[in-house]
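Notes follow once the structure below has been shown.
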Amino acid sequence: MYYKVSRDKFLKQIFLFVFFITLVFSLFLTVEGNLENRFSIQLTYMLIGVYALLQIVVESKKHTFSCNMFHWIYIWFFMFCSPYLQYITGSFSLNYVPTDNEILRTNYLIIIWEIVYSIFFYFKRLRTPPRRKETRVFDYNNINTYKLNSVLSYCLVVSLCLAVFMFMKGGIDILFSRSSGEGVFIKESSALTSLFTYVARNFVTFSAALAVINYKKNKKAFLLIVMLVLLLITCSPIGMPRFQTATVYCGILIIAFPKLSKNYLFIVGFTFAFIIIFPFINSFRYGSLLDVDIFSLLKETFDNIIKNFTDANFDSYVMFMKAQKFVTLNGKSYGVQLLGAILFFLPRSLWPNKPYGTGYTIHIAEGKLGAAANVSCPLMAEGYINFGVLGLILFAAILGYVVCKFDYMYFNSKNTKKNLANNVVYSFIPTILFFMMRGDLMSTSSFLFSYIVVGKVITYFAFVKK
């Protein structure tokens with residue numbers, strides 16, 4: 001039996017290794033690259049990519065759904081695949097033209113991030129003795145069925161009211177257009193808009209999570225069907241930003257099928273969604289599904305797979321270079337940008353000098369305004385712009401330590417009501433971390449905070465409160 005388990009894990013690792021290597025070759029060998037690029041730059045790119053792939057394969061032995069896995073998937077796509085394609089084609093995102101020295105310095109910093117993150121991740125893992133056997137992530141035996149049904153009934157009523165409100169405000173188009181879906185929550189400021197959007201949709205998301213758990217416990221499908229319909233209305237995959245869509249539906253999927261967290265098909269499916277479905281969904285950022293030819297759009301999405309890796313959606317690497325340039329010209333923020341992300345909830349009326357998001361700040365300094373300033377900023381750049389190289393090391397160290405702690409608590413927690421509530425909330429965190437790595441920190445911090453608060457409140461009343 002032990003031999004069979006070990007063999008299965010080994011075969012899973014081999015499969016994932018071959019899958020990602022095949023993906024790389026299919027991307028890189030179909031473009032006309034510059035074969036005269038500097039060997040030192042090529043080598044640093046390969047070091048970044050090989051190390052990230054090895055970490056993905058090693059993590060897959062334990063889990064394919066974890067914060068650590070999503071960290072390395074981000075590094076693989078945004079700090080290796082995309083930058084290397086941009087480099088060999090000479091088409092960097094945001095039309096940026098870096099020097100060789102900029103590229104080399106950036107790659108060295110990414111390698112430092114990988115090493116420091118790994119040191120602190122494995123340091124924490126070694127200091128945390130694993131249980132002899134991982135516990136069930138979702139143990140429903142101790143659930144109070146009456147209390148769960150009561151809380152779920154209240155959640156259903158509130159979710160129904162939110163769905164009716166959205167339909168009355170935005171009409172049927174909230175299902176097919178992101179601009180219409182987000183437009184129903186627009187308030188006087190962007191901060192209030194985000195707050196109302198996140199709280200409302202997070203409430204329905206966790207209500208749907210309770211409905212899934214209720215079905216698995218009691219096998220009664222009516223509440224589950226109603227909540228899933230309300231979820232599709234209020235959190236339409238096309239009517240939300242892609243990071244919200246991924247967070248909502250990956251989390252619900254893991255709660256419904258916990259064994260996926262160890263199945264290699266999950267990470268393969270996420271990769272497929274990332275390359276194909278997310279660009280397809282982005283087509284409805286300003287338009288509507290009702291106004292396009294779906295088959296033509298899907299064909300266009302497939303045809304532009306490689307091109308997508310060089311557009312503004314993959315601006316993380318370029319924004320990291322721009323962050324270094326910004327610090328050279330303007331100096332470090334010495335924690336001001338970090339403080340702005342931590343105190344994101346304070347309105348500018350109370351804090352007139354409150355900093356803007358880091359990506360926005362960098363582009364404003366370049367004289368860009370409006371939509372041109374709406375860019376991402378990777379987490380490593382956030383560390384750099386706050387405290388320079390020391391900040392990058394500090395951010396990598398803290399993230400590696402915290403990620404290991406979160407993953408351990410999820411997969412090795414005792415089967416208690418409190419831990420069940422925590423695990424339901426955690427199910428949405430790895431995907432959020434993936435997009436938090438892309439940034440910027442201020443906007444993703446508010447998103448993460450709202451998820452944790454709403455999730456903690458709902459699961460507390462459903463499972464913990466006596």
Side-chain angles (χ1 to χ4, degrees), residues 63 65-67 131 133-163 198-231 234-235 244 247-262 402-403 405-433 447-466:
H63 320 107
F65 176 83
S66 66
C67 288
R131 297 182 186 276
K133 184 178 180 181
E134 287 189 352
T135 56
R136 288 178 60 190
V137 173
F138 300 109
D139 185 4
Y140 311 121
N141 293 328
N142 297 324
I143 293 177
N144 185 320
T145 303
Y146 175 77
K147 183 170 64 175
L148 176 58
N149 279 323
S150 298
V151 173
L152 185 54
S153 297
Y154 285 116
C155 289
L156 189 148
V157 172
V158 175
S159 300
L160 178 60
C161 292
L162 285 170
Y198 294 160
V199 170
R201 284 177 163 159
N202 293 348
F203 183 91
V204 181
T205 298
F206 281 101
S207 300
L210 292 188
V212 171
I213 292 172
N214 183 65
Y215 173 76
K216 293 174 78 70
K217 171 70 175 176
N218 303 311
K219 303 301 179 185
K220 295 181 180 179
F222 176 74
L223 285 177
L224 175 62
I225 294 171
V226 174
M227 275 308 314
L228 289 181
V229 170
L230 294 175
L231 179 70
T234 56
C235 301
Q244 276 188 284
T247 299
V248 169
Y249 291 97
C250 280
I252 294 294
L253 192 64
I254 288 295
I255 292 171
F257 307 102
K259 290 184 179 179
L260 279 176
S261 64
K262 298 176 181 293
V402 170
V403 160
K405 186 176 180 66
F406 275 28
D407 287 351
Y408 178 84
M409 289 171 61
Y410 179 69
F411 289 104
N412 296 277
S413 59
K414 294 181 180 179
N415 292 324
T416 65
K417 294 177 182 179
K418 182 179 179 181
N419 287 334
L420 172 60
N422 290 336
N423 288 348
V424 171
V425 175
Y426 172 94
S427 299
F428 300 92
I429 302 299
T431 325
I432 296 176
L433 175 65
F447 183 61
L448 175 62
F449 181 79
S450 68
Y451 250 99
I452 292 175
V453 170
V454 174
K456 285 281 189 180
V457 170
I458 291 179
T459 55
Y460 171 78
F461 283 103
F463 305 128
V464 182
K465 189 177 184 300
K466 295 180 180 179

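For clarity, every value in this text was computed on a predicted model and none was experimentally measured. Numbering of residues begins at 1 and proceeds along the displayed sequence. The figures here come from the full heavy-atom set of this structure, side chains too, leaving out hydrogens, waters and symmetry mates.
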Kindly compute the distance separating [atom1] ([X]) from [atom2] ([Y]), expressed to the nearest 0.5 Å.
X	Y	atom1	atom2	answer
Thr145	Lys220	OG1	NZ	8.5 Å
Cys235	Asn202	SG	CG	7.5 Å
Leu231	Arg201	CG	CZ	10.5 Å
Leu152	Ile213	CG	CD1	10.0 Å
Ile452	Ile432	CD1	CD1	7.0 Å
Asp407	Ile429	CG	CD1	11.0 Å

Kindly give the heavy-atom pair with the smallest separation between [X] and [Y], and that separation in Å.
X	Y	result
Phe463	Ile143	CE2-CD1, 4.1 Å
Leu162	Thr234	C-CG2, 4.2 Å
Leu210	Leu148	CD2-CD1, 4.2 Å
Met227	Ala208	CE-N, 3.7 Å
Val464	Ala421	CG2-CB, 4.0 Å
Ser66	Tyr426	CA-OH, 3.5 Å

Set of ring-ring contact (aromatic ring centres under 6.0 Å, His included) partners for Phe449, sequence neighbours left out: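 Phe344.
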
With sequence neighbours excluded, residues passing ring-ring contact (aromatic ring centres under 6.0 Å, His included) with Tyr215: none

Tyr154/Ser207 under side chain to side chain contact (heavy atoms under 4.5 Å, CB included): CA gap, chis, key distance, verdict: CA-CA 9 Å; Tyr154 285 116; Ser207 300; over 6 Å; no

Worked verdict on Tyr410 versus Asn422 for side chain to side chain contact (heavy atoms under 4.5 Å, CB included): CA-CA 8 Å; Tyr410 179 69; Asn422 290 336; over 6 Å; no

Close side-chain approach of [X] and [Y], heavy atoms under 4.5 Å:
X	Y	result
Val199	Val453	no
Leu223	Asn149	yes
Phe461	Ser150	no
Val425	Phe206	yes

Ring centroid separation Phe447 to Tyr451 under 6.0 Å: yes

Exceeds 12 heavy-atom contacts within 6.0 angstrom, atom OH of Tyr249: yes

Exam field: side chain Lys216 to backbone Ala256, donor-acceptor pair closer than 3.5 Å: yes

